[in-house]
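Working notes, beginning with the structure itself.
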Amino acid sequence: AYEDQGRYDDALTVAQSAVGACPLDDSAHTALIRMLRRVQRLDEAEAVTRAALERMPRAPDLVIELGRICDDRNDYAQALANFDRALELIPIYNRALVAKSSTLRSLRRFADAERLMSAAVDRYPIYSFLRVELGWIYRDQRRLAEAHRIFSRLREEAMSPARRAEACTGLGWVAFTSEDYQAAARDFRDAYAADSSSYDSALGLAWALVRQDDPACWAEAEQLCLRVLAARPRDHLAHPCLGVIHDRRNEYAVAEYYLQRTIELDSYDGNYVDLGALYVQLGRFPEAEEMLGQALKRDWYDTQAHIEYGNMCLQQDLSEAQAGPRALQALQHFRQALSLTPASAPAAIGLALALTRSPGDLPAAERVLRDAIERANDSPARGQLVLALARLLIERGDAYVVLPGGTGTLTELAVVWEMMNKSALSKTVGGRKPLLVMVPYWRPVIQCLEQETKLALRSNKVKIPAIDIVTMVHTVDE
């Protein structure tokens, strides 16, 4: 009960008493080790585990806990060795299989994890926790339709509030991964409604809310995080979420405090990436490089760490007149991010920007964005990619001829028109290039801007009208 309430110190005291009363009870030792892991006393947890194994060498749960301690330290090879040792003691032990699968997911060995859990699900289809792990495997490798199907089925079959909350939380993270944050928030709310004691669903909802561009959502997310921290002061998801909330509010000192706190609480899996990204944003590049370097040292396959490292290098390079070594580093990190997660819009956009900087390969940058748009289908990221491509094409063009078209052409016309109106085009005298618009098709759009001239005259503002940027033509020959 204490553990469920986040009262880990009280739970630890009870577990220590239980071990003292029953020194040969492996379940008491397992509870004690779990609580030591909860409060990040990993050296002590390992010592207790090894001492217990000397007395009870064939207790598989103790071997599993030893594996989990190794996993907590990101020592994945040793973790897998311990899980295999537990499976030698009991060849079909589901707890060991799930623990091993979780570590395989951390290593991105998804095929091995899937084979392991698919066989377990076939053997014991009634055990929902096995299907939950299979759902996480699919989610982590972005096979989102399959993950959604598993968690939806679990929601339909749920016989208790806790099981329904677990399934809805899974659906929430599937939606979150697809960047559909509103759908994610609905699923997390369903989970929280099913079981209001579920801190996991509360934190999932907080993360879905903070990704939305609405200060009211950030305020709700903050209250959820604070509620969780009141019960679980060391929670590893609440602190970084609060850091992101304060970052979005431009309260950088508070954001830094919460993100640093994650590292103080867990030096192995603290939020080095978000803290590094904050330092990049603040121009504190040496500190950013240290944090992002630590993140990649712990997990070279961390897509977001590569993206943020690329952003840092690109920002440093843009301060120079010509592309230098930092531009090449940015290129390498964005390539790595895109190879790890081909559906990542930020990785594709970053790679395109790096290509335009060094080696100045605009056609290659265009190909990267077009490929990313094709992969995006109807995902929310498609809009970001389309705008990035439009900006790239605008920068590449020597002049612009706007033919009859749909909303895509209208977007491109609006973007190039605004960039020239603000003299934002690079490498051109006055920041402008010829803009030829076919009429009568586009005349109603052009006429809307004629009102700007009238308003400027009424207000006595001296300004070159935006309408003067456009040259209207009736035929291709013209």
Side-chain angles (χ1 to χ4, degrees), residues 3 15 18-19 22-38 42 45-141 143 146-147 149-151 153-154 157-160 162-163 166-167 170 268-269 299 301:
E3 182 179 3
V19 168
C22 305
L24 295 179
D25 185 342
D26 65 325
S27 62
H29 281 86
T30 299
L32 174 58
I33 297 161
R34 189 172 65 250
M35 287 304 99
L36 290 169
R37 288 178 50 234
R38 284 280 197 184
L42 298 183
E46 181 179 2
V48 170
T49 306
R50 293 192 182 282
L53 280 169
E54 289 181 2
R55 297 181 178 183
M56 298 168 280
R58 298 189 61 80
D61 286 336
L62 294 176
V63 180
I64 291 171
E65 288 304 318
L66 186 58
R68 285 178 168 154
I69 293 167
C70 295
D71 185 276
D72 291 341
R73 291 170 168 160
N74 299 338
D75 185 357
Y76 299 127
Q78 193 57 48
L80 290 175
N82 281 298
F83 298 141
D84 286 338
R85 179 182 164 194
L87 289 168
E88 289 174 2
L89 295 171
I90 302 180
I92 305 176
Y93 191 24
N94 289 328
R95 287 190 69 239
L97 292 173
V98 170
K100 181 177 180 179
S101 174
S102 178
T103 297
L104 289 170
R105 284 195 286 121
S106 297
L107 291 167
R108 275 71 169 178
R109 289 173 54 183
F110 298 121
D112 291 340
E114 182 179 357
R115 280 193 294 271
L116 193 71
M117 296 315 302
S118 292
V121 169
D122 288 342
R123 281 193 301 268
Y124 303 108
I126 63 170
Y127 292 155
S128 63
F129 72 93
L130 298 176
R131 285 186 288 159
V132 167
E133 175 60 22
L134 187 58
W136 291 123
I137 293 169
Y138 291 147
R139 196 289 301 246
D140 286 359
Q141 57 183 318
R143 291 164 59 182
E146 293 165 275
R149 184 170 60 250
I150 286 179
F151 288 119
R153 184 69 180 272
L154 288 167
E157 297 174 356
M159 301 296 290
S160 70
R163 295 286 76 77
E166 181 180 51
Y268 292 97
D269 290 319
D299 184 2
Y301 300 97

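Note that the structure is a prediction, hence the values are computed from the model and not measured.
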Side-chain polar contacts of residues 84-91 - donor-acceptor pairs under 3.5 angstrom, sequence neighbours left out - could you list them?
from	atom 1	to	atom 2	distance (Å)
D84	OD1	K100	NZ	2.7

Next item on the list: Output all residues satisfying salt bridge (charged side-chain N to carboxylate O under 4.0 Å, His left out) with R115, sequence neighbours left out; order by chain, then residue number.
Entry: D112
Margin query: With rounding to the nearest 0.5 angstrom, report the OG to CZ distance, S128 to R153.
Written below: 12.5 Å
Margin query: If I take atom CG from residue L53 and atom CG from residue L66, how far apart are they, to the nearest 0.5 angstrom?
Written below: 6.5 Å
Margin query: Run I33 and L62 through side chain to side chain contact (heavy atoms under 4.5 Å, CB included) and show every step you take.
Written below: CA-CA 9 Å; I33 297 161; L62 294 176; 3.8 Å; yes
Margin query: I'd like to know whether the aromatic ring centres of F110 and W136 sit less than 6.0 Å apart in this structure.
Written below: no
Check: Run the side chain to side chain contact (heavy atoms under 4.5 Å, CB included) check on L80 and R109 step by step: do they pass?
Finding: CA-CA 12 Å; L80 290 175; R109 289 173 54 183; 3.6 Å; yes
Note to self: Is there a side chain to side chain donor-acceptor pair (under 3.5 Å) between Y76 and N74? Walk through the geometry before answering.
What the structure shows: CA-CA 5 Å; Y76 299 127; N74 299 338; 3.1 Å; yes
Item checked: Side chain proximity check, L24 to R55, heavy atoms < 4.5 angstrom -> yes
Notebook entry, point to check: Which atom pair, heavy atoms only, marks the closest approach of E114 to I137?
Noted result: N-CD1, 3.9 Å
Check: Nearest 0.5 Å, what's the CZ-CG distance between R34 and L32?
Finding: 10.0 Å
Next item on the list: Using a cut-off of 6.0 Å, state whether more than 12 heavy atoms not belonging to R123 lie near its atom CZ.
Entry: yes
Item checked: Closest approach of A99 to I64 (non-hydrogen atoms, all atoms of both residues) -> CB-CG2, 4.2 Å
Item checked: Donor-acceptor pair, side chain of T30 and main chain of D26, under 3.5 angstrom -> yes
Item checked: Minimum side-chain heavy-atom gap E133-R105 below 4.5 Å -> yes
Notebook entry, point to check: For L97, does its backbone N or O pair with a side-chain atom of S101 as donor and acceptor, under 3.5 Å?
Noted result: no
Next item on the list: Evaluate side chain to side chain contact (heavy atoms under 4.5 Å, CB included) for E65 paired with R37, printing each intermediate quantity in order.
Entry: CA-CA 9 Å; E65 288 304 318; R37 288 178 50 234; 3.3 Å; yes
Item checked: Closest contact, heavy atoms only, Y124 versus N94 -> CD1-ND2, 3.6 Å
Checklist line | Heavy-atom side-chain proximity of V98 to M117 below 4.5 angstrom | finding: yes
Note to self: Test side chain to side chain contact (heavy atoms under 4.5 Å, CB included) on R73 and Q78; report intermediate values, then the result.
What the structure shows: CA-CA 10 Å; R73 291 170 168 160; Q78 193 57 48; over 6 Å; no
Margin query: Return the CD to CE distance between E54 and M56, rounded to the nearest 0.5 Å.
Written below: 10.5 Å
Checklist line | Sidechain N-carboxylate O distance under 4.0 Å for R163, E157 | finding: no
Check: For residues D61 and Y93, is any side-chain donor paired with an opposing acceptor at under 3.5 Å?
Finding: yes
Margin query: Please find the pair of heavy atoms, one from A45 and one from T49, that lie closest to each other, and give the distance.
Written below: O-OG1, 2.7 Å
Notebook entry, point to check: Where is the tightest heavy-atom contact between L130 and A120, given as atom of each residue plus distance?
Noted result: CD1-O, 3.7 Å
Next item on the list: Locate the shortest heavy-atom distance separating V19 from H29; write the atom from each residue and the value.
Entry: CG1-NE2, 3.5 Å
Notebook entry, point to check: Residues two or more places apart in sequence or in another chain: which of them pass salt bridge (charged side-chain N to carboxylate O under 4.0 Å, His left out) with D299?
Noted result: R108
Margin query: With a sphere of 6.0 Å drawn around CZ of R95, does it hold more than 12 non-hydrogen atoms of other residues, nucleotides or ligands?
Written below: yes
Note to self: Just so I know, are the side chains of F83 and V63 near enough to count as touching, which here means a heavy-atom distance under 4.5 Å?
What the structure shows: no
Check: Ion pair present between E46 and R50, side-chain N to carboxylate O less than 4.0 angstrom?
Finding: yes
